[in-house]
2 protein chains.
Amino acid sequence: MLNARTAHTTIKDIAKQLGVAPSTVTKALKDYPDVSEGMKEKARGLAKKMGYLPNSVAQSLQSGETTTIGVIVPEIKHHFFSAALDGIEEVAFKEGYSIFVCKSNEDYEREVINTRNLLSHFVAGIIVSISQHTKDVGHFIDVQARKIPLVFFDRVSDEIAANKVVVDDRAGASSAVAHLIESGYKRIAHLAGPDYLNISKERLKGYAAALKKAGIPFNADYLIYGGFDEEDGVHGFKRLMKLRPRPDALFCVNDPVALGVLLECKKRKVRVPEELAVVGFSDNPVVSQIDPPLTTVAQPAYEMGAVAAKMLLQQIRHGNGDFVPEVIKLKTKLMIRKTT
Amino acid sequence: MLNARTAHTTIKDIAKQLGVAPSTVTKALKDYPDVSEGMKEKARGLAKKMGYLPNSVAQSLQSGETTTIGVIVPEIKHHFFSAALDGIEEVAFKEGYSIFVCKSNEDYEREVINTRNLLSHFVAGIIVSISQHTKDVGHFIDVQARKIPLVFFDRVSDEIAANKVVVDDRAGASSAVAHLIESGYKRIAHLAGPDYLNISKERLKGYAAALKKAGIPFNADYLIYGGFDEEDGVHGFKRLMKLRPRPDALFCVNDPVALGVLLECKKRKVRVPEELAVVGFSDNPVVSQIDPPLTTVAQPAYEMGAVAAKMLLQQIRHGNGDFVPEVIKLKTKLMIRKTT
DNA sequence: TTACAATACGAAAACGTTTTCGTAAAAGAG
DNA sequence: CTCTTTTACGAAAACGTTTTCGTATTGTAA
């Protein structure tokens, strides 16, 4: 195995060249008051000449702190998460922090391993969007027990008191359904996500609230639970089409599900939005390009990441002994296109 | 600032509890042969009970190695890069490595800072896709001078000898055009990119090669240079439609250009693929979802990341004193859909 | 019994950095 | 000139881990 050590200049090397002690070099480079100007200049000059870079591993061990924050997301390549990562990186970079990026792959076991890994690397804090299959949050409780700042975004858990950044799912869902009602649709169905996940629950609540507000009775047949993928849309759609009367509008828990529905509509020659209106959630880049362009609820992914990072950094800096967990709800935006 | 140290169990803590020396605990936990079974069991038990996690910062300092690889990309949220990151993470995770993700934001200065940062963190190796505005590659030369393994992907530099992963643009273009020829199209036009860029040149060469191989004479009227955006597709399409005889097929330098063409086709009621076949390049997630789904040349973004990571890990493990830089050209894959 | 090998553990040093404390030498005050 | 202060540096310990070497105890063979 390659040993990087051989190739790096250390403070000791500089000290040796200068004929002084390592501590003097440290102090010179860090501009301590008890080092002469002459020594400081010599140290700086030689450090530059020798290409000295501080060994942050050693610094971290010494100080007991790192300038690294860990991030765990279910997927990297999905637009929502990569945009959020982008926001996190941006804020972290500006504050002098680096980010460890881990993907849980929607797998509970892997999420646990990732968490342990980050703790092992002594990250200053962790930002998480939990996996679809995570029911037990013991590993996050453990993070908090170790006094490591922890912030959740988007996929949060109710079972844990921590800083969270979410989107106002309920209001977003509500506005989408309200828009359907205003457009004259009467029999509005909902393809919901897994019932133990917060975003599913919130979006369902928004759906129900909008119906209630308009005086439309809730019809249990029109509520179908499923997952977050295209096939879940296909599957849900098939079940709904068997109902009589058929729904005339469909609010989907997210865009892929809506995409699955549209796919199936095309296959079965169901006209959108005349026979069936469809609304998604997220505003993935795809959905504005398809035909017909999908009406959907836009989530500020980049901003969510940025806000989560800011919360985490504040927690890191102010300590988290006395902090009171806070939930920041970001506003969604209804993008009205051609499927409604 | 928060001091994480207070909250963590160390080997010393375990040793104290057990009334033995730290070295014994290390050896017990690492299953050294010169420790009794009884001691090993006690150590393992207590470690688990106390929630011991190895401090990898200390391990790195001790061994002079980290299990971290650094990645620098121009953007995180673009699909190509996030898919590549996904591939990198997947391979790294399986091999026990974590990834530092840095975004250069297409900014040279920031790329330099990112590089320094990674070196400072003693990463085991670095994977880079360089920024659009990077002309000087001194910072990467510096990485090599420090004997840190370095792999480029997609956006590579000719001025530096290193492992690289790119896509075979020429072969990809050629296969796309060959497919058009096999499908019976005779008058195949090409909307090319800027003539000074490598990918434009390569794709054009592939186009020309496929025509030549099929014995179809090259028609200069059927070659139109433009940019990489949707409007370039619209513009090129308009020019082509004035020609007599009109082309019956169109190979576009990338997907957005093809999207522009399809848009204009729809507007003018040109039937695709009956009157005009269209092929793109990249396989952006959008293009499989539109109607009709676009035939295009897929670039294996995820695989590029994965291959880059594998190359890097090999370099890390086998040392890079004697290695000969290699350029891996990945095959593209023709995604035949409904526009041809 | 004597000699020797095996077993099981501990002490200490090292990785690179920082920080505290100590102390020579120089400078200043009286 | 003496005493005190300031200046400028060094020594040493520490962060948590690993590894090498040394050694006391036990077991085995002749």
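Both backbone and side-chain heavy atoms feed into the values below; hydrogens, waters and symmetry mates do not. In what follows, chains are A, B, ... by sequence order, proteins preceding strands, each numbered from 1. The model shown is predicted, which means the values in this text are computed figures rather than measured ones.
With sequence neighbours left out, the ring pair (Phe, Tyr, Trp, His ring centres under 6.0 Å) criterion links B/H139 to B/Y108. Every residue two or more places apart in sequence or in another chain was checked for a salt bridge (charged side-chain N to carboxylate O under 4.0 Å, His left out) with B/E109, and none qualifies. A/F80 meets the ring pair (Phe, Tyr, Trp, His ring centres under 6.0 Å) test with no other residue; sequence neighbours excluded. With sequence neighbours excluded, the residues satisfying salt bridge (charged side-chain N to carboxylate O under 4.0 Å, His left out) with B/K94 are B/E90. With sequence neighbours left out, B/E95 forms a side chain to side chain donor-acceptor pair (under 3.5 Å) with B/R317. With sequence neighbours left out, the salt bridge (charged side-chain N to carboxylate O under 4.0 Å, His left out) criterion links A/K27 to A/D34. Every residue was checked against the salt bridge (charged side-chain N to carboxylate O under 4.0 Å, His left out) condition with A/E303, not counting sequence neighbours, and none meets it.
Taking a cutoff of 4.0 Å between a charged side-chain nitrogen and a carboxylate oxygen, A/E111 and A/K103 do not qualify as a salt bridge. At a threshold of 4.0 Å, the pair B/E41-B/K48 does not count as salt-bridged, since none of the basic side-chain nitrogens sits closer than that to a carboxylate oxygen. Note on A/K310 versus A/E326: no salt bridge recorded, every NZ/NE/NH1/NH2 to OD/OE distance being 4.0 Å or above. For the pair B/E106 and B/R155, the salt-bridge criterion is met [side-chain N within less than 4.0 Å of a carboxylate O].
To the nearest angstrom, P of C/dT17 lies 10 Å from CG of A/L29. Distance, B/L61 CG to C/dA14 C1': 9 Å, rounded to whole Å. In this structure, B/Q62 places its CD atom 7 Å from P of D/dT18, rounding to the nearest Å. Rounded to an integer number of Å, the gap from CG of A/L18 to C1' of D/dA8 is 14 Å. In this structure, the CG atom of B/L53 is 10 Å from the P atom of D/dT17, given to the nearest Å. The distance from atom CD of B/E65 to atom C1' of C/dA14 is 15 Å, rounded to the nearest whole Å. What separates CG of A/D13 from C1' of C/dT17 is a distance of 13 Å, to the nearest Å. The distance from atom CD1 of B/I14 to atom P of D/dT18 is 11 Å, rounded to the nearest whole Å.
Residues from residues 30-49 of chain B placing a heavy atom under 4.0 Å of any atom in DNA chain D, listed by number, are B/K30, B/Y32. For DNA chain D, the neighbouring residues in residues 20-28 of chain A, judged by any heavy atom under 4.0 Å, are A/V20, A/A21, A/S23, A/T24, A/K27.
In this structure, a donor-acceptor pair under 3.5 Å is absent between the side chains of A/S23 and A/T26.
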Please output the side-chain donor-acceptor pairs of residues 66-76 of chain B that fall under 3.5 Å, not counting sequence neighbours, one pair per line with the distance.
{"unit_1": "B/T66", "atom_1": "OG1", "unit_2": "B/F122", "atom_2": "O", "d": "2.6"}
{"unit_1": "B/T66", "atom_1": "OG1", "unit_2": "B/A124", "atom_2": "N", "d": "3.3"}

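Put simply, B/Q59 has no side-chain N or O that comes within less than 4.0 Å of OP1 or OP2 on D/dG16.
Between the two ends of the helix from C/dT1-D/dA30 to C/dG30-D/dC1, each summarised by a five-pair axis, the helix axis turns through 60° (rounded to 10 degrees).
Within the model, atoms NE2 of B/H133 and CZ of B/R110 stand 14.0 Å from one another, a figure rounded to the nearest 0.5 Å.
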Give me the distances for all protein-to-nucleotides 25-27 of chain C N/O pairs that come in under 3.5 Å?
none

